[in-house]
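Below is one structure, written out as structure tokens; comments come after it.
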Number of protein chains: 2
Amino acid sequence: MELGTETEAKIIQAATEVFLEKGKDGARMQEIAGRANINKALLHYYFRSKDKLYEKVFREKVFRFLDELFSSVPQTDDIKIVLKEFTANYIDLISSHPELVRFILWEIRRGGQYMSDALRDIFAKHGFTKFPFLEKVQNAISEGTIRPLDPLHLIISVIGICVYPFIAQPLLENAIPGIQISSEGFLQKRKEEVFNLIWEGIQP
Amino acid sequence: MELGTETEAKIIQAATEVFLEKGKDGARMQEIAGRANINKALLHYYFRSKDKLYEKVFREKVFRFLDELFSSVPQTDDIKIVLKEFTANYIDLISSHPELVRFILWEIRRGGQYMSDALRDIFAKHGFTKFPFLEKVQNAISEGTIRPLDPLHLIISVIGICVYPFIAQPLLENAIPGIQISSEGFLQKRKEEVFNLIWEGIQP
DNA sequence: GTCTATACATCGATAGAC
DNA sequence: GTCTATCGATGTATAGAC
């Protein structure tokens, strides 16, 4: 388990920037080398190919993101607190890594294999056998805290509600004058509206 | 206003396929020519460059999609019917073009200019001055049919809920064994769960 | 309009000096 | 480890015969 050299770190840094901006196919090894202030040959010395470099960058970025995401699932069994905190944390997390959304979208469009692998790794690391959410929702239904519903669909909806504004960010900011998705004001309001909609939507 | 030749249609068809599969940068003119059963030279005869061809394909595809989407907003003022029909229609529409959705979203994260242009054109064509939804929601709030909330956030949430399963489709189908996003069973269930969550979520 | 042949640039990747 | 130089493949685009 090495820490990696300084040059390696510079390459990863530069590669991340370029891959995020241009996508895998649009990215050029020349540009990555340029931003890292080295030459192309050195890129291939450290990482064997463009594919390997991309995989390394993607895995690292996404793994950290998912790790942070799943660490933000509250420990309590109180479904109201779980939902409130998770949505707020999730929105905060995404808003502080807006570029990453594009990266992940790109990868999913390509088939989503890396993402699935990363998810599996995260599950293994945290010892999950299923979405940590799922069980809490099922329990809440059994106890009658929330109305009967399909937990899987609820989770999909919650994630969709949280993540969509950031996916559509350029479009929304272009189509709706004055809106600023990443502004503190919008995020604050968004968290309230999201939680209210979901919470009211699942009352018995 | 010509109808275009048969060859032109073949090219558009092939180009659409390849661009959707590989993205703009990943697409190769050679492959497009191959699928259209012509040679590369003819591509440049009909469309001057790869850029022009891409723009043409994207604009056409997206315009039709948005046109269909906005045509599916029900005419009635009954907010319950509006929501029920719109979500159902929207989910149906997306499920019949899942690759297009992922493509559009990726394109949006690239800057979204084409999309914004297309949106503006659609608004102009239908004579909208704002989201047709917005006014209906505002009226429903004034009449007390639904609780006070921010209409803009509601719309964002509704769209997010509908579209997200298809964005994450490859990931979901990989991570959750047995799930089939585009299957009739899932879609049917999805429509019910989505409407229930939203409708219950906005009750006074 | 459609083809073959080819120009020209750029890509990822490698060889070899230091 | 780091560089220059360059390879072979492939990309977009064009010239010119038919």
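Here is the naming used below: chain letters follow the sequence lines, and residue numbers restart at 1 for every chain. Worth saying up front: this structure is predicted, and the values here are computed from it rather than measured. Quick note: numbers below take in every heavy atom, side chains included, and nothing from hydrogens, waters or symmetry partners.
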Least distance between heavy atoms, A/K136 atom then A/Q75 atom: NZ-O, 3.4 Å

Heavy-atom pair of closest approach, residues B/Q138 and B/P151: CG-CG, 3.9 Å

Under 4.0 angstrom between A/T5 side-chain N/O and D/dG1 OP1 or OP2: no

D/dG1 phosphate, OP1 or OP2, under 4.0 Å from A/T7 side-chain N/O: no

Residues within residues 11-24 of chain B bordering DNA chain D, heavy-atom distance below 4.0 Å: none

Sugar-phosphate, base or nothing in reach of A/A33, heavy atoms under 4.0 Å: nothing

Distance in angstrom units between [X] [atom1] and [N] [atom2], rounded:
{"X": "B/L43", "N": "D/dT10", "atom1": "CG", "atom2": "C1'", "answer": "16 Å"}
{"X": "B/K52", "N": "D/dA13", "atom1": "NZ", "atom2": "P", "answer": "11 Å"}
{"X": "A/K50", "N": "D/dA9", "atom1": "NZ", "atom2": "P", "answer": "19 Å"}
{"X": "B/E8", "N": "C/dG1", "atom1": "CD", "atom2": "P", "answer": "9 Å"}
{"X": "A/Y54", "N": "C/dC11", "atom1": "OH", "atom2": "C1'", "answer": "18 Å"}
{"X": "B/E31", "N": "D/dT10", "atom1": "CD", "atom2": "C1'", "answer": "13 Å"}
{"X": "A/L53", "N": "C/dG12", "atom1": "CG", "atom2": "C1'", "answer": "12 Å"}
{"X": "B/F47", "N": "D/dT12", "atom1": "CZ", "atom2": "C1'", "answer": "16 Å"}

Check: B/F133 and B/L154 side chains under 4.5 Å, non-hydrogen atoms: no

Report the nucleotide, chosen from [options], that has the shortest atom-to-atom distance to any side-chain atom of [X].
{"X": "B/Y46", "options": "C/dG1, D/dT2, C/dG12", "answer": "C/dG1"}
{"X": "B/R28", "options": "D/dT2, C/dA13, D/dG11", "answer": "D/dG11"}
{"X": "A/H44", "options": "D/dT12, C/dT14, C/dT2", "answer": "C/dT14"}
{"X": "B/K40", "options": "C/dG12, D/dT2, D/dA13", "answer": "D/dA13"}
{"X": "B/A41", "options": "D/dA15, D/dT2, D/dC3", "answer": "D/dA15"}
{"X": "A/N39", "options": "D/dT4, D/dG1, D/dT12", "answer": "D/dT4"}
{"X": "B/Q30", "options": "D/dG11, C/dG1, D/dT2", "answer": "D/dG11"}
{"X": "A/L42", "options": "C/dC11, D/dT2, C/dT2", "answer": "D/dT2"}
{"X": "A/S49", "options": "C/dC11, C/dC3, C/dA13", "answer": "C/dA13"}

Aromatic ring pairing B/F128/B/F123, orientation class (parallel under 30°, perpendicular over 60°, tilted between): perpendicular

Parallel, tilted or perpendicular, as decided by the 30° and 60° cut-offs, for the rings of A/Y90 and A/F65: tilted

Between B/S157 and A/R190: side-chain donor-acceptor atoms closer than 3.5 Å: yes

A/Q113 and A/D117 side chains, donor-acceptor separation under 3.5 Å: yes

Residue among A/R35, A/K10, A/K61 satisfying salt bridge (charged side-chain N to carboxylate O under 4.0 Å, His left out) with A/E17: A/R35

